[in-house]
Amino acid sequence: MATPQAAEGRMGWTLPHTTGPDDTAFLTALLGHLEQGLCVDERREFAAGLSYGAAMATALVCALDGRLSGVAAVAGLNIVRPCERRPPPTTIVAFHGTADRIVPYRGGHPFQDATGELRTLADLVVLDPVEQAAAGWANLLGCTGRTTTPVGADPGA
C-alpha cells in the first residue's frame, strides 16, 4: 500500500485536465515504480481517497485508462465528472453522508459554512448531487440498475 500526499503547501491534488502541477503524471509514475520494484498483481490495483483525494482516485479511472481494478471514494465522488470516453470496466465504491456540509450530498456549493476567501472560491464551484454523479459513472461504465443504497435499507428491496 502506498499513501501519496499532495505536495506540501498545496490544498489538494491537481485533478486531470486542470491547471497546475501534473499530479496525474506523478501518480502514474509512482504506480509504475511500485510495479517494477515490488511484487504487485497488476490486475488488483486500487485507489482510494477522502474528499479531494476521493475526486483524484475517481478521476484516475479515466486518466489511467484501465490500470485500476477499483476505486473507493469517500465524500468526493461528485467532485469530478465522468470522462467523455468509456474506460475499461472499473469497480467504484463510494461513501457519502447526507449531512456533509463540505461536499454536500445533494449537490451545490462545497464548504457550506466557509467564510472569507474560501467562501469566494467555494461559490465558484457547483457540485452535482451524489446520486446524479453515481448514475453518471455507472452509465459511463455500462452498468444498469440501482446506483445508490441508503445505510440500513434492505438491499433486496
Minimum heavy-atom distance Pro104-Val130, with the two atoms named: O-CG2, 4.4 Å

Where Leu141 and Pro87 come nearest, the two heavy atoms and their spacing: CD2-CG, 3.7 Å

Minimum-distance pair of heavy atoms, taken over all atoms of Thr98 and Arg106: O-NH1, 3.0 Å

Approximate separation, where rounding is to 0.5 Å, of Thr28 OG1 and His33 NE2: 14.5 Å

Sidechain-backbone polar pair: His109 side chain, Val125 backbone, donor-acceptor under 3.5 Å: yes

Ala122 versus Pro110, closest heavy-atom pair with distance: CB-O, 3.3 Å

Heavy-atom check, side chain of Glu117 versus side chain of Leu121, under 4.5 Å: no

Side chain Arg119, main chain Phe111, donor-acceptor under 3.5 Å: yes

Min side-chain heavy-atom separation Leu34-Glu45 under 4.5 Å: no

Inter-residue atom distance Glu35.CD - Arg67.CZ, 0.5 Å rounding: 4.5 Å

Partners passing disulfide bond (SG atoms under 2.5 Å apart) against Cys83 (at least two apart in sequence or in another chain): Cys62

same_hphob_cluster(Phe46, Val40) at 4.5 Å side-chain heavy-atom cutoff: no

Nearest heavy atoms of Ala54 and Gly76, plus distance in Å: CB-CA, 3.8 Å

With Leu68, the side-chain contact (heavy atoms from CB on, under 4.5 Å) member among Ile92, Thr91, Leu60: Leu60

Point-to-point distance, once rounded to the nearest 0.5 Å, from CH2 of Trp13 to CD of Gln5: 6.5 Å

Close side-chain approach of Val103 and Ile79, heavy atoms under 4.5 Å: yes

Side chain to side chain contact (heavy atoms under 4.5 Å, CB included) between Asn78 and Glu131, worked out: CA-CA 9 Å; Asn78 59 338; Glu131 291 185 23; over 6 Å; no

Close side-chain approach of Phe26 and Pro21, heavy atoms under 4.5 Å: no

Qualifying salt bridge (Lys or Arg N to Asp or Glu O under 4.0 Å) pairs, either residue in residues 4-26, two or more places apart: Arg10-Asp23

Verdict with supporting geometry, Thr24 and Met56, side chain to side chain contact (heavy atoms under 4.5 Å, CB included): CA-CA 8 Å; Thr24 303; Met56 177 53 100; 4.2 Å; yes

Side-chain heavy atoms of Thr120 within contact of Leu124, under 4.5 Å: no

Ile102 side chain reached by Gln112 side chain, heavy atoms, under 4.5 Å: no

Shortest non-hydrogen contact between Ala55 and Leu15, atoms and distance: C-CD2, 3.9 Å

